[in-house]
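Comments concern the structure below.
All residue numbers in this chain count up from 1 along the given sequence.
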Amino acid sequence: MAGPMCLCGMMRLLTALFIPVLIASVGLCLIFVLLFICTRLWVQRKKKVEIGKDGKKKKVVAFFHPYCNAGGGGERVLWCALRSLQKRYKDAIYVIYTGDKDASEEQILNGAAARFNIKLSHPVRFIFLEKRGLVEASCYPRFTLLGQSLGSVVLGWEALTKCVPDIYIDSMGYAFTLPLFKYLGGCHVGCYVHYPTISMDMLSVVRSQHARFNNAAFISNNPVLSRLKLIYYYLFALFYGWVGSCSDVIMVNSTWTFSHILDLWKCSDRTSIVYPPCDVQTFLEIDINQHKENEEHSVVSIGQFRPEKDHPLQIRAFAALLEKKTAEQRAKLKLILIGGCRNDEDELRVSELKKLSSELGIPVEFKVNVPFEELKKHLSEATIGLHTMWNEHFGIGIVECMAAGTIILAHNSGGPKLDIVVPHEEQQTGFLADSVDSYAAAMDHILSLTPEQRLSIRQNARLSVGRFSDQEFEANFLASSEPLFK
């Protein structure tokens, strides 16, 4: 009898609690809705309206790019996108949300001109953000993806309260800011995705318990921790898919990114591939017949000094190449690493790379945040262009190397494999590798080719890069972003 009585008592208790719980739940929902409406109205009241000469309201177009003064491919996309929109929508007001407080507006614009050879035809306003540190990976030694994403929401809120735009474009990959500007700011929102914050490949790395820069060895070696991290990644991927789906227009930079974004965001009706702009015309001016076949050969790498670029692999592969050479041959080979440093963490990484090259006993030249003309000079003198990032989303530096006439040696994955280092009219345009030994072997093979064979590969590569020009980017970017201006 005790069993049925306990069950009946439990049912009466649950019944008695149902109405209060229901009322509390409805009350909380109403409070949340009221808070949302009040916050949205408060944000809308902060919106400033400017009237043009024609009597019409000027649209405010804002780009969220906290590191706009960096020198990477993402920044080139930003400045080319701004230039293309200013040409078509001349009466709009253009804003950049940035955390580069250590630089003035003039210095940022001069930096874009020096690094990318890009000058804007109309003014741009800068909104300097105080809380950029919240999106620094160094702040989150554990749960980095979640920490940076939540930090971007706080940074996005700061941006929204300082300037409420009509059109918001995330050009740096902070997808968690999209619902903030869409639902609280009432903006048309778009994004240009360079690299998904999380991808199916990242899930497979954790599932297979492989150690990489974003999967520490102590986790990959522990089945329990690997399973917990996999659950964390799956939950994060669900949230990432929701926030990304809030975007009205989605542009991605490669076939690889397109595939992963479709898997996660499931928005095929508003997702398009817009290859990033590469200054191919400037590099095509280099005469590839003059200087490539001298006795000395330089191997040049272009890419920001970030962990995923895997510069240590470049240094180790070059060291493996030198082991195969005589002292006289080694003296005629040099490795030059060219890239941008965004912060102290990147500068520390350069110091560690210098230490690695010293330990291996090989000469490596480091060129940090160099002007455009110096970059062009190094590429014009190089024999091999080196790239080692696994699953690189695209690879602007790869295209620039090919246009400059270097023979590209890129990682056998991601954008380089699917979009860039592909045959042109069935002719070879470069080489792919994926390990220290395969990179060393490929470099050795390139150096063993005759001058005529190298010239043929260079010419094929140059013919293939026209689809990545500034002009192609502008046409495709304007076509894809047009719905935002309707």
Yes or no on side chain to side chain contact (heavy atoms under 4.5 Å, CB included) for V124 and L109, after CA distance, side-chain angles and deciding distance? CA-CA 9 Å; V124 60; L109 292 172; 3.9 Å; yes
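- Heavy atoms from other residues, nucleotides or ligands lying under 6.0 Å from NZ of K325 number more than 12.
- For K324, the NZ atom sits in a packed shell: over 12 heavy atoms of surrounding residues, nucleotides or ligands are nearer than 6.0 Å.
- In terms of heavy-atom proximity, G340 sits nearest to N369 at CA-OD1, 3.0 Å.
- Looking at V399 and Y275, their side chains never come closer than 4.5 Å, going by heavy atoms from C-beta outward.
- Looking only at distances, no side-chain donor or acceptor of Y192 sits under 3.5 Å from a matching main-chain atom of F477.
- The stretch residues 354-363 participates, sequence neighbours left out, in no side-chain hydrogen bond (donor to acceptor under 3.5 Å, both in side chains) pair at all.
- Counting only heavy atoms from C-beta outward, the side chains of I398 and P416 approach each other to under 4.5 Å.
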Test salt bridge (charged side-chain N to carboxylate O under 4.0 Å, His left out) applied to K377 and E373, step by step: CA-CA 6 Å; K377 177 179 181 295; E373 286 303 317; over 6 Å; no
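- For an aromatic pair to be called close, the ring centres must be under 6.0 Å apart, and W256 with Y195 satisfies this.
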Determine, stepwise, if the pair I108 / F126 fulfils side chain to side chain contact (heavy atoms under 4.5 Å, CB included). CA-CA 10 Å; I108 294 174; F126 291 89; 3.7 Å; yes
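- Using modelled atom types, no side-chain atom of Y240 and backbone atom of I198 make a donor-acceptor pair closer than 3.5 Å.
- Side-chain contact annotation: T177 with S152, donor-acceptor N/O pair under 3.5 Å absent.
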Please determine whether side chain to side chain contact (heavy atoms under 4.5 Å, CB included) holds for the pair L146 and F239, giving the CA-CA distance in whole Å, both sets of side-chain angles, and the decisive distance to 0.1 Å. CA-CA 10 Å; L146 180 62; F239 281 108; over 6 Å; no
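- Not a single donor-acceptor pair under 3.5 Å links the side chain of R132 to the backbone N or O of L129.
- Note: K417 NZ to L432 CG = 8.0 Å, rounded to the nearest 0.5 Å.
- No more than 12 heavy-atom neighbours from other residues, nucleotides or ligands sit within 6.0 angstrom of CZ on F143.
- H65 and E75 form a side-chain donor-acceptor contact under 3.5 Å, judged by distance and modelled atom types alone.
- S351 contributes a side-chain N or O that, together with a main-chain N or O of E347, makes up a donor-acceptor pair within less than 3.5 Å.
- Under 4.0 Å is where a charged nitrogen must lie from a carboxylate oxygen, and between E130 and K101 at least one such pair does.
- Across all their heavy atoms, C267 and L262 have their closest contact at C-CD2, 4.1 Å.
- V299 places none of its side-chain heavy atoms less than 4.5 Å from the side chain of T383.
- Using a 4.5 Å cut-off on side-chain heavy atoms (C-beta onward), I457 and T429 make no contact.
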Would you check, one step at a time, whether the test side chain to side chain contact (heavy atoms under 4.5 Å, CB included) holds for F473 with D470? CA-CA 5 Å; F473 169 81; D470 286 3; 5.7 Å; no
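- Without hydrogens or angle criteria, Q428 side chain to G430 main chain gives a donor-acceptor distance under 3.5 Å.
- Checked against the 6.0 Å centroid criterion, the rings of F372 and F116 do not qualify as a close aromatic pair.
- A ring-centre distance under 6.0 Å is not found for Y67 and Y174.
- Here the OG1 atom belonging to T197 is positioned 7.0 Å from the CZ atom belonging to F176, to the nearest 0.5 angstrom.
- The main-chain N or O of S104 is found under 3.5 Å from a side-chain atom of Q107 such that the two form a donor-acceptor pair.
- Contact of the I167 side chain with the F485 side chain is registered, since non-hydrogen atoms from C-beta on lie closer than 4.5 Å.
- One N or O on the side chain of N343 and one on the backbone of E345 form a donor-acceptor pair closer than 3.5 Å.
- Taking the charged nitrogens against the carboxylate oxygens, R316 and D437 have no contact shorter than 4.0 Å, which rules out a salt bridge.
- From S298, atom OG reaches atom CD1 of I384 across 9.0 Å, with rounding to the nearest 0.5 Å.
- No hydrogens or angles considered: a donor-acceptor pair under 3.5 Å links the side chains of Q453 and T450.
- Contact check on E285 versus K376 returns a salt bridge, with a Lys/Arg side-chain nitrogen under 4.0 Å from an Asp/Glu carboxylate oxygen.
- For the atom pair CH2 of W390 and CG of N412, the computed distance is 13.0 Å after rounding to the nearest 0.5 Å.
- Taking every heavy atom of both residues into account, M402 and V465 meet most closely at CB-CG1, 3.9 Å.
- Q314 and T388 are linked by a side-chain donor-acceptor pair at a separation below 3.5 angstrom, with hydrogens and angles left out of the test.
- Using a cut-off of 4.0 Å between Lys/Arg side-chain N and Asp/Glu carboxylate O, E392 and K309 are scored as salt-bridged.
- P165 places none of its side-chain heavy atoms less than 4.5 Å from the side chain of V61.
- With salt bridges taken as basic N to acidic carboxylate O contacts below 4.0 Å, one links K87 and E474.
- Between R462 and R458, every side-chain heavy-atom pair lies at or beyond the 4.5 Å cut-off.
- Between S413 and N391 the shortest heavy-atom distance is OG-N, 2.7 Å.
- Taken to the nearest 0.5 Å, the CZ atom of R227 stands 7.0 Å off from the CG atom of L230.
- Contact between C68 and W79 at its shortest, heavy atoms only, is O-NE1, 3.7 Å.
- Using a 4.5 Å heavy-atom cutoff, the side chains of D346 and Q304 are not in contact.
- L313 and S435 get closest at one heavy-atom pair: CD1-C, 4.0 Å.
- Here the side chain of H194 pairs a donor or acceptor atom with the backbone of S171 at under 3.5 angstrom.
- Of the possible donor and acceptor atoms, none in the side chain of T257 sits under 3.5 Å from a partner among the backbone N and O of N253.
- The six-membered or imidazole ring of F305 lies near that of H311, with a centre-to-centre distance under 6.0 Å.
- A distance of 6.0 Å separates CE in M251 from OG in S480, rounded to the nearest 0.5 Å.
- With hydrogens and angles ignored, the 3.5 Å screen pairs no side-chain donor or acceptor of R125 with any backbone N or O of I96.
- Checked against the 6.0 Å centroid criterion, the rings of F468 and F394 qualify as a close aromatic pair.
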